[in-house]
Trainee: 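The following block contains the structure, expressed as structure tokens.
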Amino acid sequence: QVQLVESGGGSVQAGGSLRLSCTASGYTDRTYCMAWFRQAPGKEREGVAALDRLGRTWYVDSVKGRFTISQDNAKKTLYLEMNSLKVEETAMYYCAARSANAYCAGRVPLVPDVRYWGQGTQVTVSS
């Protein structure tokens, strides 16, 4: 089992920045693909960024150049640095992990790919 706990959400004006954190515990040594997802009200959950244990990263086009996913292995913490935030990016943001020994397969995971979810942290971007 892997437990994921997010933090760092909050309210920010459009154009502002936030950094989300996700602390992992449990059997993390075999967690090869970590990701951030978001879900806006009335919309489907979507992946926005992913990182594998080799340090490779992937992003969806809408966040490229503005979001950065990273990790601190010693702290078992995953981060999402979000810059130039837009109103439409208001959503619940979730930390996610694929099953043990599963890599990211060259892309941001889809919802069915995810084995473990955090409880989410709310990000609200106002105009």
Side-chain angles (χ1 to χ4, degrees):
Q1 290 291 331
V2 174
Q3 294 79 42
L4 305 171
V5 179
E6 303 96 334
S7 61
S11 297
V12 64
Q13 287 194 322
S17 299
L18 279 175
R19 188 178 80 157
L20 306 182
S21 300
C22 170
T23 301
S25 61
Y27 295 107
T28 59
D29 288 349
R30 292 185 294 167
T31 302
Y32 293 168
C33 178
M34 301 289 294
W36 286 96
F37 283 70
R38 64 187 177 192
Q39 187 167 20
K43 294 189 176 181
E44 293 184 354
R45 192 172 297 190
E46 63 169 352
V48 295
L51 177 148
D52 73 7
R53 66 184 293 116
L54 300 179
R56 296 176 296 186
T57 59
W58 296 269
Y59 301 90
V60 293
D61 287 345
S62 60
V63 307
K64 284 180 180 177
R66 298 186 299 117
F67 288 15
T68 302
I69 188 171
S70 62
Q71 65 182 0
D72 183 327
N73 289 327
K75 296 181 179 179
K76 294 186 177 181
T77 301
L78 184 74
Y79 301 100
L80 185 68
E81 183 77 32
M82 304 185 294
N83 298 313
S84 302
L85 281 162
K86 304 175 181 180
V87 173
E88 56 266 35
E89 292 178 315
T90 293
M92 187 72 79
Y93 282 72
Y94 296 91
C95 180
R98 292 201 64 178
S99 300
N101 305 319
Y103 280 90
C104 294
R107 58 171 173 79
V108 177
L110 302 175
V111 170
D113 297 328
V114 174
R115 176 66 177 85
Y116 303 103
W117 294 98
Q119 84 288 349
T121 185
Q122 178 67 38
V123 171
T124 301
V125 185
S126 59
S127 58

Trainee: List the atom of Val87, the atom of Ser126, and the distance in Å for their closest heavy-atom pair.
Mentor: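 Heavy atoms of Val87 and Ser126 come nearest at CG2-C, 4.0 Å.
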
Trainee: So which atom in Ala50 and which in Pro109 form the shortest heavy-atom distance, rounded to 0.1 Å?
Mentor: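 So the two residues come closest at CB-CD, 3.5 Å.
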
Trainee: Can you name the nearest heavy-atom pair linking Gly120 to Met92, along with the distance?
Mentor: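 Scanning both residues completely, I find the closest heavy atoms to be C-SD, 3.7 Å.
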
Trainee: Is a side-chain N or O of Glu6 found less than 3.5 angstrom from the main chain of Cys22, in a donor-acceptor match?
Mentor: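 Flag not set: sc Glu6 to bb Cys22 has no pair under 3.5 Å.
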
Trainee: Please answer whether the main-chain N or O of Gly65 pairs with a side-chain N or O of Tyr59 as donor and acceptor at a distance below 3.5 Å.
Mentor: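 Flag not set: sc Tyr59 to bb Gly65 has no pair under 3.5 Å.
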
Trainee: Rounded to the nearest 0.5 Å, what separation is found between the CG atom of Leu4 and the OG1 atom of Thr31?
Mentor: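 Reported to 0.5 Å precision, the distance equals 7.5 Å.
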
Trainee: Quick one: OG on Ser62 to CZ on Arg38, what's the gap to the nearest 0.5 Å?
Mentor: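 It is 5.0 Å, given to the nearest 0.5 Å.
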
Trainee: Kindly indicate whether the side chain of Met34, heavy atoms from C-beta on, has any atom under 4.5 Å from the side chain of Cys95.
Mentor: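 Met34 reaches Cys95 side chain to side chain.
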
Trainee: Search all heavy atoms of Ser84 against all heavy atoms of Glu89 and return the closest pair with its distance.
Mentor: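 Taking every non-hydrogen atom into account, O-OE1, 4.3 Å.
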
Trainee: Pair Tyr94, Phe37 - check ring-ring contact (aromatic ring centres under 6.0 Å, His included), show working.
Mentor: CA-CA 5 Å; Tyr94 296 91; Phe37 283 70; 8.4 Å; no

Trainee: Where do Val123 and Met82 come nearest, in terms of heavy atoms and distance?
Mentor: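 That would be CG2-CE, 3.9 Å.
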
Trainee: Work out which heavy atom in Gln122 is nearest to a heavy atom in Thr90; give both atom names and the distance.
Mentor: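 It is NE2-CG2, 3.9 Å.
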
